[in-house]
Structure formats: structure tokens, C-alpha cells
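Working notes, structure below.
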Amino acid sequence: MELRRTLLAAGAVAATATAVLAGTSTAAAAAYSPPGGWDHIWPSADGAAVVYVEEHGDVIKLCDTKRNSFGAFLAVWKNGSIITNWTAGDGGCKTHQASEGKPYDLPEGARIELRFHGTAGGPDTRQSFTNDH
């Protein structure tokens, strides 16, 4: 009986440690920040989204800053044409980068425009940068 309690306790400790470590790696991945900081950080005009850009590696992160039952929306444009778009909701973030291939591998030297908002019917915030890293 004593051996059984000891084994059950050891199993509970192992399961707890696994859950804590798994939660830590997920949190670390979600909190990605490039060495030296982001090249650009832009809040949306409606105050419900933030976009982060790291030109080296073409990393773009969209964060929904308000849990308002409407996900933040981002569209990436080049030369008047949309390249890609995505959403992030429930106060979370969504990141894409060049290593994922097209359409996230942005052309070097191109002027990239971002249009984003965080509320239904909210005005688009427009920001742009020349992808030169």
C-alpha cells in the first residue's frame, strides 16, 4: 500500500512538471521578440490592435489588444495589391515570417504597406516601410 502511494505521488509530480514546462515553452514562443527589439511597432487607430515588424527575417506579428469578440485584422500590400492577410483574436497574437515561404517572404527593397484594425467597422490604420534588411 505504501509503495502504491509513493508511485502515485511520483506520477503526480512528474505530470505537474511536464505541464509547467509545456506551458513555459508555449509562453516563450508567444512572447517572441527579436534581438535588439522590433524595427517598427504601430498601434491601430481604434486602439484594439498592435502590429510589430522586424525587417530581418520578414517577421510581422499582429496582436489583438482587446477581447471584444472581434479579432484584429491585418492585410499586407505591395504595389497596390494585397499579398496576404490574417487575424488574431481573444487578446492573442499571430506571427508570420519569411521562413514560412510565400506569401510571408517579402521582396527586398519593396515598399510594404500594412492595413490593420481591431474592431468591427473600425478604421484601417495604414503604415508602410521599405523592406531593406
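Looking at heavy atoms from C-beta onward, W42 lies out of side-chain contact with T125 at the 4.5 angstrom threshold. Taking 4.5 Å as the limit, every side-chain heavy atom of P34 sits out of range of all side-chain heavy atoms of H56. The shortest side-chain heavy-atom distance between F116 and R126 does not fall under the 4.5 Å cut-off. Residues Q97 and D58 fail the side-chain proximity criterion, which asks for heavy atoms closer than 4.5 Å. R67 places none of its side-chain heavy atoms less than 4.5 Å from the side chain of S69. The shortest distance between side-chain heavy atoms of E55 and D39 falls below 4.5 Å. In this structure, the side chains of L106 and V76 come closer than 4.5 Å at one or more pairs of heavy atoms. Annotation: side chain of L74 is not in contact with side chain of N85 (no heavy-atom distance under 4.5 Å).
Looking at H117 and D124, their side chains do bring a donor and an acceptor atom within 3.5 Å of each other.
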I would like to know whether R115 and E113 meet salt bridge (charged side-chain N to carboxylate O under 4.0 Å, His left out); could you show each step before the answer? CA-CA 7 Å; R115 300 178 188 181; E113 182 180 359; 3.2 Å; yes
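Under the 4.5 Å side-chain heavy-atom criterion for grouping Ile, Leu, Val, Met, Phe, Trp and Tyr, F129 is not connected to V59 through any hydrophobic cluster. Under the 4.5 Å side-chain contact rule for hydrophobic residues, V50 and V53 do not share a cluster. Residues L62 and F70 do not share a hydrophobic cluster, defined by chaining ILVMFWY side chains whose heavy atoms lie under 4.5 Å apart.
Under the 3.5 Å distance criterion, the side-chain polar atoms of T95 are left unmatched by any main-chain donor or acceptor of I60. Side-chain atoms of D46 come within 3.5 Å of backbone N or O of A48 as a donor-acceptor pair. A distance-only check finds no donor-acceptor pair linking the side chain of T130 to the backbone of G109 [under 3.5 Å].
When every heavy atom of G118 is checked against every heavy atom of S44, the shortest pair comes out as N-OG, 4.3 Å. Residue G47 comes nearest to K66 through the heavy atom pair O-CE, 3.4 Å, listed as atom of the first residue, atom of the second, then distance. In this structure, D64 and G71 approach most closely via the heavy-atom pair OD2-CA, 4.5 Å. When all heavy atoms of C63 and Y52 are compared, the pair lying nearest together is SG-CE1, 3.8 Å.
Between the CG atom of N131 and the CD atom of E108 there is a distance of 4.5 Å, given to the nearest 0.5 Å. Rounding to the nearest 0.5 angstrom, the gap separating the CD1 atom in I82 from the CG atom in N79 is 14.0 Å. Here CZ of R111 is found 9.5 Å from CG of D132. Values are rounded to the nearest 0.5 Å. In this structure, S128 OG and L114 CG are separated by 8.0 Å, a value rounded to the nearest 0.5 Å.
If you look at W38 and H40, their ring centroids are not closer than 6.0 Å.
Using bins of under 30°, 30° to 60° and over 60° for the plane-to-plane angle, the ring pair Y104/W86 lands in the perpendicular bin.
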